[in-house]
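Presented below is the structure to which this report refers.
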Amino acid sequence: MKDIEDLSSWLAKEKLKRPIIIAGPCSAETQEQVMDAALQLKSHGINIFRAGIWKPRTRPNSFEGVGAKGLLWLQEVKQKTGMMLTTEVANAKHVELVLASDIDILWIGARTTVNPFAVQEIANALRGTDIPVMIKNPMNPDLSLWIGALERIYNAGLKKLIAIHRGFSTYQKIKYRNDPQWQIAIDLKRRLPNLPIFCDPSHICGNRSYIEEISQTSMDLNYHGLIIESHPNPDKAWSDAQQQLTPNDLAQMLNRLVIRKAEVDNENMLSTLTDLRVMIDHFDNQLLDLIEERMEVVKKIGQYKKANNIAVLQNKRWTSILERIIEKGKAKGLSKNFINKVFEAIHIESINHQARIMNDKKNIETPVVKIKS
Ligand code: PEP
Ligand code: MN
């Protein structure tokens, strides 16, 4: 896959500058909604329009897309606005219909990328064309599966490829709908340096209030573009209502993004450092999420102790936790002093959470119990 044409060859020919923005509703719902979204987005300078026609939904009996008639609405968008069009395909029939409908770019969704049979079927249906194809990461954090899907499309003769990073599903409750796991996209970049990567903050976040921070991180990581869901009336959207932005909010958000210049001196060094720093931020966030989750369990124990009249501080238990953790830490190359400090701090915070429960106190900044650390 070494010779995947990079952005400078085919995207530049389309006169598309980084960051390339693709926007539009999660789903095409009605002819009016599609045209309304497109006209508003176009007025804000967006030139590539997305809309899902066939929607892979987690549960049955949800809206599963308007189907082929939506392609006519998209064609109308192109006639009236001149925008380029992109939509999702999940099987050979979709490919056939889309190729006959003047769609400019296809995308393969996360639920399809996981399935090599489906990806191969799409690859076979695309053979002989050179339409650009965007391939979302699979739902599960498996870089090989993502690369495998890219290879299947590439081996069918399609060279205009883009990877879309849309995050990975997780059973654990986290801030975002899908865990970004930036390190996987960074590894993909290392393995396939010529492959353009776009970020899909909408499906990472699941909530419109986080779209900006995720978009900014992807720009800091030098992603080539963004694909963002935008709907004229997001709260009334038939799918993914919480994560869509109005075209106006999208335009304002894009204006606030800080885009690093591509031609900084020593670009390689800078981008390596940025990649590593983003990973550090990612792990710090994970640490915080884990500590939050731990505190929730601590509070449950506190409630149980209160109901059963058990004292907060259970010295034996704490000593055994500490001994075990110090041993484990040693095996991971972490000093006893460091482990002591970190876990003592966690322990004190935990005791205070429980003591607050015992005493019905709310303010988390004032410690109920003061323990010498
Ligand atoms: C979409 O882009 O609307 C979509 C269904 O995304 P994903 O495959 O990332 O869930
Ligand atoms: Mn969606």
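From a predicted model like this one, the values you see are computed outputs, not experimental measurements. Atoms within a ligand are numbered from 1 in the order they appear, just like the ligands themselves. For the numbers below, each heavy atom of this structure counts, side chains included, while hydrogens, waters and symmetry mates do not.
Between Arg111 and ligand 1, an N or O atom pair is found at a separation short of 3.5 Å. Checking only distances, Cys26 never comes within under 3.5 Å of ligand 1, N or O to N or O. Ligand 1 has a nitrogen or oxygen under 3.5 angstrom from a nitrogen or oxygen of Lys55.
Closest to atom 8 (O) of ligand 1 among all protein heavy atoms lies Ala110 N, 2.8 Å. With hydrogens left out, the protein atom closest to atom 5 (C) of ligand 1 is Glu88 OE1, 3.6 Å, a heavy atom.
Ser350 and Arg294 are linked by a side-chain donor-acceptor pair at a separation below 3.5 angstrom, with hydrogens and angles left out of the test. Side chains of Gln244 and Asp240: a donor-acceptor N/O pair is absent below 3.5 angstrom, by distance only. Neither side chain, Gln354 nor Lys299, offers a donor N or O lying under 3.5 Å from an acceptor on the other.
Every atom of ligand 1 is numbered from 1 in the order shown, and the set under 4.0 Å from a heavy atom of Trp107 is 1 (C), 2 (O). Close contacts between ligand 1 and Arg50 involve ligand atoms 1 (C), 2 (O), 3 (O) [criterion: under 4.0 Å to a heavy atom]. Residue contact check: Gly109 has heavy atoms under 4.0 Å from atoms 8 (O) of ligand 1.
Using modelled atom types, no side-chain atom of Thr113 and backbone atom of Pro138 make a donor-acceptor pair closer than 3.5 Å. A distance-only check finds no donor-acceptor pair linking the side chain of Ser62 to the backbone of Thr58 [under 3.5 Å]. For Lys80 (side chain) and Met35 (main-chain N/O), no donor-acceptor pair under 3.5 Å exists by modelled atom type.
Here the angle centred on the Mn ion (ligand 2), running from OD2 of Asp240 over to SG of Cys26, is 100°, rounded to 10°.
Checking His203, Met134, Arg57 against atom 4 (C) of ligand 1, the nearest heavy atom belongs to His203. By heavy-atom distance, the residue among His165, Lys136, Arg166 lying nearest atom 6 (O) of ligand 1 is Lys136.
Residue-ligand proximity: Met139 is placed with every non-hydrogen atom at 4.0 Å or more from ligand 1.
Around the CZ atom of Arg57, the shell of radius 6.0 Å holds more than 12 heavy atoms that belong to other residues, nucleotides or ligands. The environment of Tyr304 atom OH is sparse: at most 12 non-hydrogen atoms of other residues, nucleotides or ligands sit within 6.0 angstrom.
Of all N/O/S atoms in Glu229, OE2 sits nearest the Mn ion (ligand 2).
Cation-pi check for Lys175 over Tyr210 is met; the charged atom lies under 6.0 angstrom from the ring centroid and within 45 degrees of its normal.
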